[in-house]
Enquirer: 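This structure is in structure tokens; I'll ask about it shortly.
A note on names: the letters A, B, ... follow the listed sequences, proteins ahead of strands, and every chain is numbered from 1.
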Amino acid sequence: MFNQRVKIKQLLSGTPVGTDVVVMGWVRTFRNNQFVALNDGSTNANIQIVAELGKFDEAILKRITTGASLKIKGTVVESLGKGQAVEVKANEIEILGDSDAEKYPLQPKKHSLEFLREKAHLRFRTNTFGSVFRVRHSLAFAVHQFFNERGFIYLNTPIITSSDAEGAGEMFRVTTLPLEGAPKNDKGEIDYTQDFFGKSTNLTVSGQLEGELGAMAFSEIYTFGPTFRAENSNTTRHLAEFWMIEPEMAFNDIEDNMNLAEAFIKYLIEYVMKHNEDDLVFLDARLAEEEKQLPTEKRSGFGLIEKLKMVLENGFERITYTEAIDILLNSNHYKKKKFTYDVKWGIDLQSEHERYLVEQHFKKPVIVTGYPAAIKAFYMRMNDGCEPGKETVAAMDILAPGIGEIVGGSQREERLSVLEARMTAMDIPLDEMSWYLDTRRFGSVPHAGFGLGFERMVQFVSGMTNIRDVIAFARTPNNCEY
RNA sequence: UCCUCCUUAGCUCAGUUGGUUAGAGCAUCUGACUGUUAAUCAGAGGGUCGUCUGUUCAAGUCAGACAGGGGGAGCCA
């Protein structure tokens with residue numbers, strides 16, 4: 001058996017002095033021809049390997065370069081140096097893989113995130129991305145644990161869909177038809193009956209509609225999978241391929257929905273604070289360093305861990321859309337005409353408005369409910385007793401400081417006639433959506449759900465400002481390396 | 001897609017009003033040192049100044065187009 005090694009995280013957290021160990025990892029630095037800082041990704045902390053002078057061949061020592069992989073047999077000893085409590089005194093050094101020092105792009109120094117983005121295949125070996133992706137893993141694990149503890153069924157909704165009624169964004173087409181000379185029908189349009197599925201298909205933009213079908217049997221389900229949007233979005237918070245978590249709960253209304261979403265976000269944060277303390281401490285310091293470079297007015301004013309604690313300790317502010325508009329209209333910001341976009345009832349809130357509410361006014365996450373029906377999707381439940389012309393739906397968005405919309409959800413329209421009327425008004429073909437409408441025909445119940453953008457959650461918890469730095473291989477317009 | 005800024009050594013960046021042979025730190029290589037902590041010290045190599053076109057006696061520097069990237073907006077999660 002090759003692998004009898006001890007992971008560095010475990011080694012550093014209490015392997016007794018005097019133990020013989022096997023350690024493997026990649027060289028971060030090699031100092032003084034004697035001291036190797038070795039890292040295996042289990043933690044940002046390195047184990048110091050000591051190669052005593054004269055004990056090893058010069059030829060072997062020459063091959064210990066940044067990025068090379070080593071297998072070390074040695075003994076755990078108390079360190080004579082100051083930087084670490086223990087170190088491994090090497091008896092055997094095996095070079096598993098060489099790393100040409102002239103070509104290896106990562107140096108023991110600070111690199112820009114932009115540079116590392118172009119070296120996405122190697123950036124996992126840096127402290128920042130080590131921490132980010134360990135935090136991402138913990139968040140993913142916590143997602144499953146949270147729902148599992150509450151009896152939710154993990155439902156895998158399809159990646160390829162024929163439904164194009166969702167309206168969540170531009171879609172990527174899935175086809176096996178040739179680009180040149182695709183078969184045409186009598187109308188001169190591409191004949192999708194000859195395509196692989198016998199119809200036009202796309203990559204999913206949301207698993208929600210299928211998720212609702214599951215909720216109508218299991219009571220509570222969640223999805224957690226990749227989602228695709230072919231929007232030409234070039235921002236720090238959009239990806240063409242991203243991961244989304246979409247719980248859907250029967251016998252739940254909009255308030256239950258908000259309660260669950262808030263509990264969920266807090267659970268995720270709490271989990272990471274408990275299991276990734278070292279990584280958060282590192283990311284906290286990294287963010288503080290980054291913010292030092294910013295002009296004062298762009299700084300968040302508090303640290304990463306401080307922010308996460310504040311979210312855990314304080315409830316999310318809950319306001320209606322109408323209240324949000326009033327707050328904006330009464331703000332000095334508005335009176336001094338500092339908003340680029342005008343504020344009045346009926347508009348979709350612009351990011352500057354959301355940011356004002358979250359970052360200036362409340363200074364904590366805000367849940368906005370009761371949006372105008374005209375600006376929201378067909379499946380959201382019409383609120384009863386609205387003033388004519390001011391119809392609202394039971395929608396809710398959770399806005400987070402620095403990220404903006406992190407959750408979008410709603411109570412769904414369970415009344416068949418109301419839903420059909422809305423779909424007709426919005427030109428959504430009822431016959432194609434018959435399978436969806438069946439949920440309202442056969443034992444319809446009040447139900448609700450939401451979508452949480454996983455990468456935005458990772459951004460929020462890690463403090464990374466660009467979404468491309470919290471997914472392993474980012475897909476954005478004009479960028480599909482690896 | 002729109003607005004805006006940027007592109008000089010492997011990386012991070014200087015480069016004055018257009019003017020001789022384009023610099024620094026880190027990295028790399030060579031040597032020294034040997035309990036170092038992004039080791040230190042000495043020396044060396046390393047550049048089609050994003051690409052193309054133009055203005056000019058002369059362009060890293062000025063202008064235009066294109067490409068790539070950052071930030072912001074819209075769309076949203």
Side-chain angles (χ1 to χ4, degrees), chain A residues 28-37 45-54 61-62 65-67 77-84 87 89 99-119 126-127 166-170 205-208 226-246 261 293-295 298 340-341 348-355 375-377 397-400 403-409 450-460 465-471 476-479 481:
Chain A
R28 284 287 174 85
T29 65
F30 183 31
R31 287 184 291 267
N32 224 348
N33 223 20
Q34 246 188 113
F35 305 101
V36 183
N46 304 317
I47 182 72
Q48 173 155 288
I49 307 296
V50 182
E52 272 183 293
L53 284 175
L61 296 179
K62 279 261 181 225
T65 55
T66 307
V77 296
E78 269 182 57
S79 179
L80 298 171
K82 284 183 192 139
Q84 58 284 316
E87 59 196 19
K89 202 168 152 185
S99 173
D100 185 338
E102 289 198 59
K103 291 180 183 152
Y104 187 65
L106 302 184
Q107 303 159 20
K109 63 170 265 193
K110 203 165 239 157
H111 290 290
S112 68
L113 294 172
E114 292 83 0
F115 172 71
L116 291 170
R117 230 167 266 156
E118 290 172 7
K119 303 271 177 274
T126 64
N127 287 334
E166 162 67 17
E170 289 296 310
V205 291
S206 163
Q208 182 203 311
T227 310
F228 308 87
R229 306 261 168 103
E231 301 284 350
N232 191 5
S233 296
N234 294 286
T235 78
T236 54
R237 50 190 193 284
H238 288 88
L239 292 164
E241 177 183 298
F242 65 101
W243 288 65
M244 189 152 64
I245 296 136
E246 296 180 287
Q293 319 293 325
L294 296 174
K298 288 206 168 176
T340 308
Y341 292 85
D348 206 353
L349 295 179
Q350 303 293 316
S351 8
E352 59 172 354
H353 304 141
E354 295 179 347
R355 246 196 334 254
I375 57 171
K376 286 291 180 178
D397 282 358
I398 301 184
L399 311 174
I403 314 287
E405 190 177 340
I406 194 165
V407 163
F450 62 85
L452 177 131
F454 186 55
E455 282 76 18
R456 289 192 184 170
M457 189 67 204
V458 182
Q459 274 188 281
F460 186 71
T465 50
N466 194 316
I467 201 166
R468 288 159 217 184
D469 296 329
V470 298
I471 189 165
T476 51
N478 275 315
N479 187 351
E481 289 298 312

Enquirer: Within the 4.0 Å heavy-atom criterion, would you say Lys103(A) contacts the bases, only the backbone, or no part of the nucleic acid?
Expert: nothing

Enquirer: Of the candidate nucleotides C29(B), C76(B), G35(B), which contains the atom at the shortest distance from the side chain of Leu80(A)?
Expert: G35(B)

Enquirer: Remember a base hit wins even if backbone is also touched, and classify Gly81(A) as base, sugar-phosphate or nothing at under 4.0 Å, heavy atoms.
Expert: base

Enquirer: CG of Leu452(A) versus C1' of C76(B): gap in Å, rounded?
Expert: 13 Å

Enquirer: From CE of Met244(A) over to C1' of C76(B), roughly how many Å is that when rounded to an integer?
Expert: 10 Å

Enquirer: If you pin Thr465(A) and Leu53(A) to their nearest nucleotides in RNA chain B, which one's is more 5'?
Expert: Leu53(A)

Enquirer: Could you spell out the base pairing of RNA chain B in dot-bracket, with Watson-Crick or G-U pairs whose two distances are under 3.5 Å, [ ] crossing and | to another strand?
Expert: (((((((..((((.....[...)))).(((((.......))))).....(((((..]....))))))))))))....

Enquirer: Under 4.0 Å between a side-chain N/O of Arg237(A) and OP1 or OP2 of G71(B), yes or no?
Expert: no

Enquirer: Taking only the C1' atom of each, what is the distance from A59(B) to C49(B) in whole angstrom?
Expert: 11 Å

Enquirer: Considering only atom P, compute the distance from G60(B) to G54(B) and round it to an integer number of Å.
Expert: 16 Å

Enquirer: Can you pull every protein N or O that's under 3.5 Å from an N or O on nucleotides 39-43 of chain B?
Expert:
{"from": "A39(B)", "atom 1": "OP2", "to": "Thr29(A)", "atom 2": "OG1", "distance (Å)": "3.2"}
{"from": "A39(B)", "atom 1": "OP2", "to": "Arg31(A)", "atom 2": "NH1", "distance (Å)": "2.9"}
{"from": "A39(B)", "atom 1": "N6", "to": "Asn32(A)", "atom 2": "OD1", "distance (Å)": "3.0"}

Enquirer: Would you say Arg468(A) reaches G70(B)'s phosphate, i.e. side-chain N/O to OP1/OP2 under 4.0 Å?
Expert: yes

Enquirer: With heavy atoms under 4.0 Å as the rule, sort Glu246(A) into base, sugar-phosphate or nothing.
Expert: nothing

Enquirer: Please determine whether any donor N or O and acceptor N or O are separated by less than 3.5 Å between the side chain of Ser351(A) and the base of G74(B).
Expert: no

Enquirer: Under 4.0 angstrom, heavy atoms only, what part of the nucleic acid is Phe450(A) near: base, sugar-phosphate, or nothing?
Expert: nothing

Enquirer: Ignoring hydrogens and geometry beyond distance, is the side chain of Ser233(A) in donor-acceptor contact with the base of C75(B) at under 3.5 Å?
Expert: yes

Enquirer: Can you give one letter per nucleotide of nucleotides 6-14 of chain B, going 5' to 3': B for a protein heavy atom under 4.0 Å from the base, S for sugar-phosphate only, - for none?
Expert: ----BBS--

Enquirer: Could you state the atom-to-atom distance from CD1 of Ile245(A) to P of C76(B) in whole Å?
Expert: 20 Å

Enquirer: Using side-chain contact (heavy atoms from CB on, under 4.5 Å) as the criterion, list what pairs up with Leu53(A), not counting sequence neighbours.
Expert: Gln34(A)

Enquirer: Check whether any side-chain N or O of Asn466(A) sits under 4.0 Å from OP1 or OP2 of G71(B), and answer yes or no.
Expert: yes

Enquirer: Could you check whether the side chain of Gln84(A) and the base of U36(B) have a donor-acceptor pair of N or O atoms closer than 3.5 Å, going by distance alone?
Expert: yes

Enquirer: Taking CG from Asp348(A) and C1' from C75(B), how many angstroms apart are they, rounded to a whole number?
Expert: 10 Å

Enquirer: Under the side-chain hydrogen bond (donor to acceptor under 3.5 Å, both in side chains) rule, collect the residues that match up with Gln459(A), sequence neighbours excluded.
Expert: none

Enquirer: How long is the line joining OH of Tyr104(A) and C1' of C26(B), in whole Å?
Expert: 16 Å

Enquirer: Considering only heavy atoms from C-beta outward, does the side chain of Val407(A) approach that of Asp397(A) to under 4.5 Å?
Expert: no

Enquirer: Run the side-chain contact (heavy atoms from CB on, under 4.5 Å) test against Glu87(A) and tell me which residues pass, sequence neighbours left out.
Expert: Gln48(A), Val50(A), Val77(A), Ser79(A), Gln84(A)

Enquirer: Before you tell me yes or no, could you show the steps for Gln107(A) and Thr66(A) under side chain to side chain contact (heavy atoms under 4.5 Å, CB included), namely the whole-Å CA-CA distance, both residues' side-chain angles and the distance that decides it to 0.1 Å?
Expert: CA-CA 7 Å; Gln107(A) 303 159 20; Thr66(A) 307; over 6 Å; no

Enquirer: Provide, to the nearest angstrom, the distance between the CD atom belonging to Glu405(A) and the P atom belonging to G74(B).
Expert: 12 Å

Enquirer: For RNA chain B, whose closest nucleotide is more 5', that of Asn478(A) or that of Gly453(A)?
Expert: Asn478(A)

Enquirer: List every contact pair, protein side and nucleotides 45-50 of chain B side both N or O, where the distance is under 3.5 Å.
Expert:
none

Enquirer: What nucleotide among G35(B), C75(B), G74(B) has an atom nearest to a side-chain atom of Glu231(A)?
Expert: C75(B)

Enquirer: Let me know which of Ile471(A), Ile467(A), Asn466(A) forms a side chain to side chain contact (heavy atoms under 4.5 Å, CB included) with Asp469(A).
Expert: Asn466(A)

Enquirer: Taking CZ from Arg117(A) and C1' from G70(B), how many angstroms apart are they, rounded to a whole number?
Expert: 8 Å

Enquirer: Mind checking side-chain hydrogen bond (donor to acceptor under 3.5 Å, both in side chains) for Asn232(A) and listing every partner two or more places apart, or none if nothing turns up?
Expert: Asn234(A)

Enquirer: From the list U36(B), G74(B), G70(B), which nucleotide is the closest neighbour of the side chain of His238(A)?
Expert: G74(B)

Enquirer: Mind checking side-chain contact (heavy atoms from CB on, under 4.5 Å) for Glu78(A) and listing every partner two or more places apart, or none if nothing turns up?
Expert: Val17(A)

Enquirer: Give the minimum heavy-atom separation between Glu405(A) and Leu399(A), together with the two atoms involved.
Expert: CA-CD2, 3.9 Å

Enquirer: Taking the same atom, C1', in C26(B) and in A58(B), what whole-Å distance lies between them?
Expert: 35 Å

Enquirer: Taking C-beta and beyond as the side chain, do Arg237(A) and Ser351(A) meet within less than 4.5 Å on heavy atoms?
Expert: yes

Enquirer: Heavy atoms under 4.0 Å, any strand shown: does Leu106(A) hit a base, just sugar-phosphate, or nothing?
Expert: nothing

Enquirer: Under the ring pair (Phe, Tyr, Trp, His ring centres under 6.0 Å) rule, collect the residues that match up with Phe450(A), sequence neighbours excluded.
Expert: none

Enquirer: Side-chain N or O of Thr236(A) versus OP1/OP2 of G71(B): is the shortest distance under 4.0 Å?
Expert: no

Enquirer: Measuring only the P atom in each nucleotide, how far is U40(B) from A27(B)? A whole number of Å is fine.
Expert: 7 Å

Enquirer: Does some side-chain heavy atom of Asp100(A) sit less than 4.5 Å from a side-chain heavy atom of Glu102(A)?
Expert: yes

Enquirer: As a quick check of understanding, evaluate side chain to side chain contact (heavy atoms under 4.5 Å, CB included) for Phe460(A) and Ile406(A), giving each step before the final call.
Expert: CA-CA 9 Å; Phe460(A) 186 71; Ile406(A) 194 165; 4.2 Å; yes

Enquirer: What's Gln48(A) touching, base or sugar-phosphate or nothing? Going by heavy atoms closer than 4.0 Å.
Expert: base

Enquirer: Nearest to the side chain of Gln34(A), heavy atoms from C-beta on, is which of G74(B), U34(B), U36(B)?
Expert: U34(B)

Enquirer: Hey, could you give me the OG1/CD distance between Thr340(A) and Glu352(A), rounded to the nearest 0.5 Å?
Expert: 4.0 Å

Enquirer: Going by side-chain hydrogen bond (donor to acceptor under 3.5 Å, both in side chains), name the residues that satisfy it together with Asn127(A), two or more places apart in sequence or in a different chain.
Expert: Arg28(A)

Enquirer: Roughly how many Å is it from CD1 in Ile467(A) to C1' in C76(B), rounded to a whole number?
Expert: 10 Å

Enquirer: Sequence neighbours left out, what passes side-chain contact (heavy atoms from CB on, under 4.5 Å) with Ser112(A)? Give chain and number order.
Expert: Glu114(A), Phe115(A)

Enquirer: Is it true that, when you exclude Lys89(A) itself, more than 12 heavy atoms of the residues, nucleotides or ligands shown sit nearer than 6.0 Å to its NZ?
Expert: no

